[in-house]
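Below is one structure, written out as structure tokens; comments come after it.
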Amino acid sequence: MPVPIRRLCVALTLCCALLAGSAAYGASATTTSTKDTAAVQVLPAADTPSPTTSAERQKFAKTRFVANAALAAGATYQWIVKPWKAGKFKKGAHGRKLTLVKAGLAGAFAYNRLKAAVRNAQGDPLLSKALAPLNAGIQSLKDLPAKLRKGDQNAAGSFDDIINKVKDAGKSAGAPVQNKVPSASQLRSGS
């Protein structure tokens with residue numbers, strides 16, 4: 001079976017590129033020999049990133065905190081608070097099962113992002129002090145799906161309260177948080 005000339009040209013080009021690349025790499029590395037006539041290859045030193053200053057780490061910590069808290073707040077508002085205010089969690093409500101599934105996903109996502117925001121806040125002294133009293137409240141959000149299934153009307157309200165407290169803590173530390181609704185792929189992946 002004859003091979004088309006186009007495939008041969010592509011294969012030849014790729015082989016030449018690989019050989020040229022490996023030859024260029026071999027020329028840049030130095031070879032030293034020892035008394036045992038064993039060759040030792042010394043690789044060229046790679047550029048290492050310089051450590052960031054504490055001010056940069058704090059700035060990035062605030063930025064990551066704002067991003068994670070904003071995603072948590074957006075998911076909470078879109079899929080927990082709005083349906084809760086519309087009464088879609090009540091027993092017998094139209095579309096309750098789907099609303100509960102969406103709220104469960106949003107709750108897990110928001111919990112994950114809030115935990116990440118707390119980790120980010122630890123890089124900034126002011127944010128870590130502001131969020132310290134909220135850790136117990138964030139931990140209590142794990143039980144949201146079970147409470148919603150049972151018809152607990154206060155569960156969504158407590159989630160909303162914790163989100164608002166996190167937003168207030170960020171605002172008091174100079175990192176204002178605004179709602180950012182996550183995409184469906186972000187909800188599925190959890191980050």
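Position 1 is the first residue of the sequence, and the numbers go up from there.
- Contact between Ala75 and Ala106 at its shortest, heavy atoms only, is O-CB, 3.8 Å.
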Residues Arg96, Lys90; criterion side-chain contact (heavy atoms from CB on, under 4.5 Å); working and verdict: CA-CA 7 Å; Arg96 180 175 184 258; Lys90 293 180 181 176; 5.9 Å; no

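- Heavy atoms only, all atoms of each residue included: Gly87 and Ala93 are closest at O-CB, 3.7 Å.
- Every residue was checked against the side-chain contact (heavy atoms from CB on, under 4.5 Å) condition with Ser128, not counting sequence neighbours, and none meets it.
- Considering every non-hydrogen atom in both Gly74 and Pro182, the closest pair reads C-CD, 4.1 Å.
- Judged as a side chain to side chain donor-acceptor pair (under 3.5 Å), and not counting sequence neighbours, the contacts of Asn120 are Asn68.
- In this structure, CD1 on Ile162 lies 9.0 Å from CZ on Phe159, to the nearest 0.5 angstrom.
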Working for side-chain contact (heavy atoms from CB on, under 4.5 Å), residues Gln186 and Leu71: CA-CA 9 Å; Gln186 287 175 318; Leu71 286 170; 4.0 Å; yes

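- Between Leu131 and Ala169, the shortest heavy-atom contact is CD2-CB, 3.8 Å.
- The side-chain contact (heavy atoms from CB on, under 4.5 Å) test applied to Pro83 returns Lys88, Phe89, Thr99, not counting sequence neighbours.
- The stretch residues 70-84 participates, sequence neighbours left out, in no side chain to side chain donor-acceptor pair (under 3.5 Å) pair at all.
- Judged as a side-chain contact (heavy atoms from CB on, under 4.5 Å), and not counting sequence neighbours, the contacts of Leu126 are Asp124, Ala173.
- Note on residues 160-169: pairs passing side chain to side chain donor-acceptor pair (under 3.5 Å), not counting sequence neighbours, are Lys167-Asn179.
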Worked verdict on Val177 versus Val166 for side-chain contact (heavy atoms from CB on, under 4.5 Å): CA-CA 8 Å; Val177 176; Val166 168; 5.7 Å; no

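- Nearest heavy atoms, Ala121 versus Phe65: CB-CD1, 4.2 Å.
- In terms of the side-chain contact (heavy atoms from CB on, under 4.5 Å) criterion, residue partners of Gln139 (sequence neighbours excluded) are, by chain and number, Tyr111, Lys115, Lys142.
- One hydrophobic cluster, built from ILVMFWY side chains closer than 4.5 Å, cannot hold both Leu105 and Ile138; they sit in different ones.
- Minimum heavy-atom separation, Ile80 to Ala156: CG2-CB, 3.7 Å.
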